[in-house]
Amino acid sequence: MALTHPHTSQKGSRHTVALSDGESATRPELVLRYLLLLVVIVISIGPFLWQLATSLKGIGEDLYSMPPSFWPEEFSLAAYSQVTEVIPVWSYIGNSVIVALCNVTLSVVGCAMAGYAMARLQFRGKVIAIGLFAATLLIPQESSMIALTQLVNAMGLGNTLVAVFLPTMMSAISVLLMWNAFLALPKEVDEAAIVDGASVWQRFLRLGLPSVKGTLAVVALLAFMGSWNDFLWPLLILSDPDKYTLTVGLNYLQGTFADNPRVVAAGTIIAVAPLVALFLALQRIFFRGVAEGGVKE
C-alpha cells in the first residue's frame, strides 16, 4: 500500500495516519504493517543473500559458527573459479540463453496473438477455447511429460535444444493474462479502427500491443523464469551433456562438492543472477501492467 504524503491527526490520545487511498491507520497498525513487510523481505531475500555471502567466504572461515556470521571476513572468488573448473559453465549458460530467448520470443508472440483473438475477435467455440485454457491450469505439468517425450521423439527432435523450449513456449496462464489485458480495451477503439478501414493485423499491431506493454513484460518475465529454472524437462529430453542447460549442469556440483557449500552456493548465484538482472530491467514496465487497458494519448 502506497504511503504518499501521510497526514497525521490526533483524536484524543489516539494518533492516526491518513494514507493515499483514503484509509487511515493508527501508528501501532502502521508499525505492524512495516514489521510484517520486513518479515516478508527477510523470508524472500534472506536465503539469496545468505547464499551470496557463503559463496564469497574464504576457505578458512567457519560456515557453521554460532552465532552465524553473515558478512564474510575475507572476500574470495575462489568458489566461482572452482565452478568453472569442474563443469563447462559457460557452455551451459549459452544453452540456457538460447532456450530462454527462443521461449520468450515464441511465448510473447504466440500468447499475444491468442489472447487478442479470444478477447477482440468473434468466432465459433470462443467460450470453449477460454474454458480449455483455464482448465489446463488444473493439470500438473508432470502428468503430460511422458506424452510430450513420445511426441518430441516421434518428430525427431529428441536430444535437441528445440525440444526443450518447443513444448513450453506457450503457457495457459500467459494466454489468459494477455486475454484479460486485451479485454480491458474499450470496444469503441476497435469500432473506430474498423470504420477507418484497419485490418485485424493493423488493429493488433498498432492499437492492441502498444496498450498492453506491461502485460507483455510480465509474460516475457514468466517465460524467461520458467525456461531458465526448468530442470525436470531438460533432464528427461537431453542425453548429451554438451547440450545441458545450466540448471541440469549445476546438478553435478551437488555430488562432486557435497562437502563444499561454497561451490554449491556459487553455482546457485550464477543461476539466479540473470533472473535478478532481468527483473530489475523490467520492473518499471512490470508494475505498469496493473492498470493497463486505457487509451494512450
Side-chain angles (χ1 to χ4, degrees), residues 1-5 19-23 99-139 141 144 148 162 165-228 275 278-297:
M1 183 176 294
L3 298 177
T4 57
H5 303 290
L19 307 180
S20 60
D21 55 0
E23 297 181 4
V99 171
L101 291 180
C102 293
N103 200 329
V104 168
T105 303
L106 294 175
S107 180
V108 169
V109 174
C111 294
M113 294 174 60
Y116 185 85
M118 292 193 303
R120 316 303 297 183
L121 303 181
Q122 300 296 329
F123 56 91
R124 291 183 178 179
K126 178 178 177 179
V127 177
I128 298 177
I130 297 174
L132 289 176
F133 274 106
T136 55
L137 297 177
L138 304 176
I139 303 175
Q141 184 180 1
S144 61
L148 285 176
V162 177
F165 66 81
L166 190 61
T168 59
M169 65 178 184
M170 288 181 61
S171 63
I173 184 64
S174 296
V175 173
L176 293 177
L177 285 174
M178 296 306 307
W179 167 70
N180 185 66
F182 285 121
L183 197 63
L185 296 176
K187 294 182 178 179
E188 292 77 10
V189 175
D190 280 348
E191 294 174 355
I194 294 174
V195 171
D196 292 337
S199 63
V200 175
W201 285 106
Q202 289 175 332
R203 300 199 304 270
F204 172 66
L205 295 175
R206 298 182 181 181
L207 297 178
L209 290 182
S211 302
V212 295
K213 292 180 180 179
T215 307
L216 288 174
V218 174
V219 171
L221 187 59
L222 291 177
F224 187 90
M225 291 177 59
S227 61
W228 189 271
L275 298 178
L278 181 65
F279 179 78
L280 293 177
L282 296 178
Q283 62 173 337
R284 183 174 300 179
I285 303 176
F286 182 87
F287 291 110
R288 193 184 302 169
V290 178
E292 276 185 333
V295 180
K296 306 294 188 298
E297 296 181 353

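Fair warning: this is a prediction, and the values are worked out from it, not measured in the lab.
Here the side chains of Val109 and Met169 are not in contact, with every heavy-atom distance at 4.5 Å or above. You'll find the side chain of Leu185 stays beyond 4.5 Å of the side chain of Leu207, heavy atoms only.
Ring planes of Phe182 and Phe204: tilted class, angle from 30 to 60°. Ring geometry, Phe224 versus Trp228: the interplanar angle falls under 30°, so the pair is classed parallel (tilted spans 30 to 60°).
In this structure, Lys126 contributes its side chain and Ala117 its backbone to no donor-acceptor pair below 3.5 Å. Side-chain atoms of Thr136 come within 3.5 Å of backbone atoms of Phe133 as a donor-acceptor pair (strictly under, hydrogens ignored).
Note that CG of Leu221 and CG of Leu275 are 8.0 Å apart. Values are rounded to the nearest 0.5 Å. Interatomic distance, CE of Met170 versus OG of Ser107, reported as 7.5 Å (0.5 Å rounding). Distance CE/Met178 to CE/Met118: 10.0 Å, rounded to 0.5 Å. Atom-to-atom distance recorded for Leu137:CG and Leu132:CG is 11.5 Å, nearest 0.5 angstrom.
Applying the side chain to side chain donor-acceptor pair (under 3.5 Å) test to residues at least two apart or on different chains, the pairs with a partner in residues 167-182 are Asn103-Thr168, Ser171-Ser174.
Counting non-hydrogen atoms of other residues, nucleotides and ligands closer than 6.0 Å to CD1 of Ile128 gives a total of 12 or fewer.
Heavy atoms only, all atoms of each residue included: Ile130 and Leu176 are closest at O-CD2, 4.4 Å. For Ala220 against Val104, the heavy-atom pair with the smallest separation is O-CG2, 3.7 Å. Between Leu183 and Ala119, the shortest heavy-atom distance links the atoms N-CB, 3.7 Å.
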Name the atoms and distances for all side-chain donor-acceptor pairs under 3.5 Å in residues 186-200, with sequence neighbours left out.
unit_1, atom_1, unit_2, atom_2, d
Asp190, OD2, Arg120, NE, 2.8
Asp190, OD2, Arg120, NH2, 3.0
Ser199, OG, Gln202, N, 3.4

